[in-house]
Amino acid sequence: MHHPVILLLCLSSLAGAANLPPEDLSQPVTADVIVPTGGTAILKCTVQEHLESSLQWSNTAQQTLYFGEKRALRDNRIQLVHSSPNELTISISNVVLSDEGEYTCSIFTMPVRTAKAVVTVLGVPQKPQVSGFESAFKENDKAKLRCTTSGSKPAANIKWYKGPEELEGAKTSVLEDGNGKTFTVKSFIEFDVTKDDDGAEITCAVGHESLHDSAKSSSHKIQVQYKPTAKIESRPSMPREGDKLRLQCDAYGNPVPDNYVWERENGEVPLLANIEGNSLVFFNLNKTDSGTYTCKASNTLGTFITHYKLDVNDGPVSHTDPSPIPSTSSIDHAVIGGVVAVIAFLLFCLLIVLGRYLIRHKGTYLTHEAKGSDDAPDADTAIINAEGGQGGSDDKKEYFI
């Protein structure tokens, strides 16, 4: 015989079990989070059927952070974002490397159900430090530069640029930092420098997933010292006897050339010529000033020699036409021939028009042919008939066109 109370309890248990939702509807759902140091991690936990139980977040040390909307751990970095029977979302601001690990979301059903969320904290690399620019390079030297960045997790990558062009051939080393979590990355680059590299911008760029497709970089302009180059400019460009002439020696180099020496081949620089810095000035040119002049421009790395041949022409000339343009006889003959041909063609056309005009307007004249001569059988008869017919009024007109 069955006890009625026990039977009632069994029937009630069976009825309750039949109304329970499937197990997966009360299973919490979470997602892993990747966040850089200093950033904010959002931990979200949801469940479809809460079964009258609250959700709970715990940290990597299994300390309760929030139970429903109630704070359990006194850490002002951890704040409640949203709480409902079906969701519990919290945030952790100013994340540090020690926040990394597995966080647990739990719902206290029978049995207790949990879900894990792995928080990965990225070590943000520091601004790179570049060495090797302490002194200027000399032309054809080999530049040896080093770029260093620390604090990256995982290890950062480094690229070198000269202007917009990427430099190849860098060597990289990776060392673990003292905290055992982040890394220090060093990159070494070598390249030959030329005078064209003077003032070129060299950039060390650090790439890392925590930088969101951007890069931290350091740039420096390199200094390259090189021997001078020079050229002589004549002002005016076509000097005449009696003119004032300035021969200017324009030199370029690093350091800037600071020493200029003027000489004249096979002779002395004229006494009346004056040296003014990098210029040789003639105040009143003379034919005797003609010759080849030399400028020697120097800096600490060397000397450059350039020459200028001065040829003084006769003068003076009019200031309105200091450099007459030479003529070319072949061009003149061609022009004259073309003009003559055009004139001849125009005259020919005029003669044609005039001839047609005269022909069309020529007058008429009378011919006194013997009347009846057309019907005479021979010449004698025609003459006889003509003697009596000359006074006739039937004149015959002929028109010539």
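On a predicted model such as this, the values are computed, not experimentally measured, just so you know. Residues take their numbers from the sequence shown, with the count starting at 1.
- Note that the CD atom of Glu165 and the OG1 atom of Thr203 stand 12.5 Å from one another [nearest 0.5 Å].
- The local environment of CD1 in Ile34 is sparse, with at most 12 non-hydrogen atoms from other residues, nucleotides or ligands closer than 6.0 Å.
- Atom CD1 of Ile107 and atom CG of Leu88 lie 10.5 Å apart (nearest 0.5 Å).
- Atom-to-atom distance recorded for Gln223:CD and Phe133:CZ is 10.5 Å, nearest 0.5 angstrom.
- Without hydrogens or angle criteria, Thr30 side chain to Lys116 main chain gives a donor-acceptor distance under 3.5 Å.
- Between His208 and Lys216, every side-chain heavy-atom pair lies at or beyond the 4.5 Å cut-off.
- In this structure, Asn313 CG and Ser290 OG are separated by 8.0 Å, a value rounded to the nearest 0.5 Å.
- Using a 4.5 Å heavy-atom cutoff, the side chains of Tyr66 and Val81 are not in contact.
- In this structure, Lys127 and Thr149 have side chains that are not in contact, with every pair of non-hydrogen atoms separated by 4.5 Å or more.
- Here the side chain of Ser93 pairs a donor or acceptor atom with the backbone of Arg77 at under 3.5 angstrom.
- Partners of Glu168 according to the side-chain contact (heavy atoms from CB on, under 4.5 Å) rule, which considers only residues two or more places apart in sequence or in another chain, are Glu166.
- In this structure, the side chains of Gln248 and Asn278 come closer than 4.5 Å at one or more pairs of heavy atoms.
- In terms of modelled atom types and a separation under 3.5 Å, the side chain of Thr172 and the main chain of Ser187 share no donor-acceptor contact.
- Looking at Glu134, its side chain does come within 3.5 Å of a backbone N or O of Gly132 through a donor-acceptor pair.
- With hydrogens and angles ignored, the 3.5 Å screen pairs no side-chain donor or acceptor of Asp198 with any backbone N or O of Lys195.
- To the nearest 0.5 Å, the span separating NZ on Lys186 from OG on Ser150 amounts to 8.0 Å.
- Counting heavy-atom neighbours within 6.0 Å of Glu268 CD, excluding the residue itself, gives a total of 12 or less.
- Side-chain N or O atoms of Ser237 include none that pairs as donor or acceptor with a backbone N or O of Ser234 at under 3.5 Å.
- Within the 4.5 Å cutoff, side-chain heavy atoms of Ile202 are placed close to those of Phe191.
- Here the shortest heavy-atom pairing between Lys153 and Val121 reads NZ-O, 2.9 Å.
- Between Ile92 and Val35, every side-chain heavy-atom pair lies at or beyond the 4.5 Å cut-off.
- Here the CD1 atom belonging to Ile189 is positioned 10.0 Å from the NZ atom belonging to Lys171, to the nearest 0.5 angstrom.
- In this structure, Leu247 and Trp262 have side chains that are in contact, with non-hydrogen atoms separated by less than 4.5 Å.
- For CZ of Arg146, the number of neighbouring non-hydrogen atoms (other residues, nucleotides, ligands) closer than 6.0 Å is 12 at most.
- Other residues, nucleotides and ligands contribute more than 12 heavy atoms inside 6.0 Å of the CG atom of Leu73.
- At a threshold of 4.5 Å between non-hydrogen side-chain atoms, the residues Lys309 and Asp311 do not count as touching.
- The main-chain N or O of Val118 is found under 3.5 Å from a side-chain atom of Asp32 such that the two form a donor-acceptor pair.
- When atom types are taken as modelled, the side chain of Asn86 and the backbone of Gln48 share a donor-acceptor pair closer than 3.5 angstrom.
- Side chain of Asn299 to main chain of Tyr226: a donor-acceptor pair is present (N/O by atom type, distance under 3.5 Å, no hydrogens or angles).
- Ser53 places a side-chain N or O within 3.5 Å of a backbone atom of Phe108 that can act as its donor or acceptor partner.
- Considering every non-hydrogen atom in both Cys147 and Ile158, the closest pair reads O-CD1, 3.9 Å.
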